[in-house]
Visitor: 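Below is one structure. I have some questions about it.
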Amino acid sequence: MLEGAWDAALAEFLESRRLYATWSATSSAGACLMNLGRFDEALEGLLATYGDTLPAAVKTAAQKAVLALRDGGGTIALVRAEPGAAVVIDERARGAHPSAAPLSVVAGTPVVRISKDRFEPFESAASVAGGQTTSVVARRSSRPAGSASRSGEAGRSP
């Protein structure tokens, strides 16, 4: 199936979930996310939404898949980001800084964007290895009129 078709199907299943959250719509949305390579979102979303009501075998399989994903993926730790700033990783909104949970990502080079009113936007590509936490240092500075955005530094830690 073409990536555009997975995106379109995902939009339909997410709308279906919004209107009436069912196991079928959630599992179908999860399948679309998996096919789009958004593994962390698919598995963690499934457990967060239906963790208490999943059949035991499905819940166990999803938990094992999340653990395998975390072993094969990594996490991003934001340093010096402005509290309340919006965090976007690979074009997916991840909430406000600081996050309640680690920012799990698939190993690779995700692009981290941080923005907040009255501050310059920040963007940095972070190199994330499996099983590692990569620190992304966001330099904070008030936004003077007409200034360019600042880049940051990314470094890995065990």
Visitor: Restricting to non-hydrogen atoms, name the atom on Pro83 and the atom on Lys116 that form the minimum distance, rounded to 0.1 Å.
Guide: O-NZ, 2.6 Å
Visitor: Give me the atom names and distance for the closest heavy-atom approach of Ala25 to Phe13.
Guide: O-CB, 3.8 Å
Visitor: Ser28 side chain to Ser24 main-chain N or O, any donor-acceptor pair under 3.5 Å?
Guide: yes
Visitor: Nearest 0.5 Å, please: how far is CD1 in Ile89 from CG in Leu103?
Guide: 4.5 Å
Visitor: Please report the shortest heavy-atom distance between Pro110 and Val105, naming the atom on each side.
Guide: CG-CG2, 4.3 Å
Visitor: If we ignore hydrogens and angles and just use 3.5 Å, is the side chain of Ser124 paired with the main-chain N or O of Val112 as donor and acceptor?
Guide: no
Visitor: In Å and rounded to the nearest 0.5 Å, what is the CD1 to CZ distance from Ile114 to Arg80?
Guide: 12.0 Å
Visitor: Locate the shortest heavy-atom distance separating Ala9 from Cys32; write the atom from each residue and the value.
Guide: CB-SG, 3.7 Å
Visitor: Just verifying a value: how many Å separate Asp90 CG and Arg113 CZ, rounded to the nearest 0.5 Å?
Guide: 8.0 Å
Visitor: What are the two closest heavy atoms between Thr133 and Ala77, and how far apart are they?
Guide: CG2-CB, 3.9 Å
Visitor: Strictly distance-based, threshold 3.5 Å: is any side-chain N or O of Arg94 a donor or acceptor partner for the main-chain N or O of Ser104?
Guide: yes
Visitor: Set out, in order, the CA-CA distance, both residues' side-chain angles and the distance that settles side-chain contact (heavy atoms from CB on, under 4.5 Å) for Ile76 and Val87, then state yes or no.
Guide: CA-CA 11 Å; Ile76 291 179; Val87 178; over 6 Å; no
Visitor: Over all heavy atoms of both residues, which pair between Val128 and Gly74 is shortest? Give the atoms and the distance, please.
Guide: CG1-CA, 3.7 Å
Visitor: Roughly how far, to the nearest 0.5 Å, is CG of Leu19 from CG of Leu14?
Guide: 11.0 Å
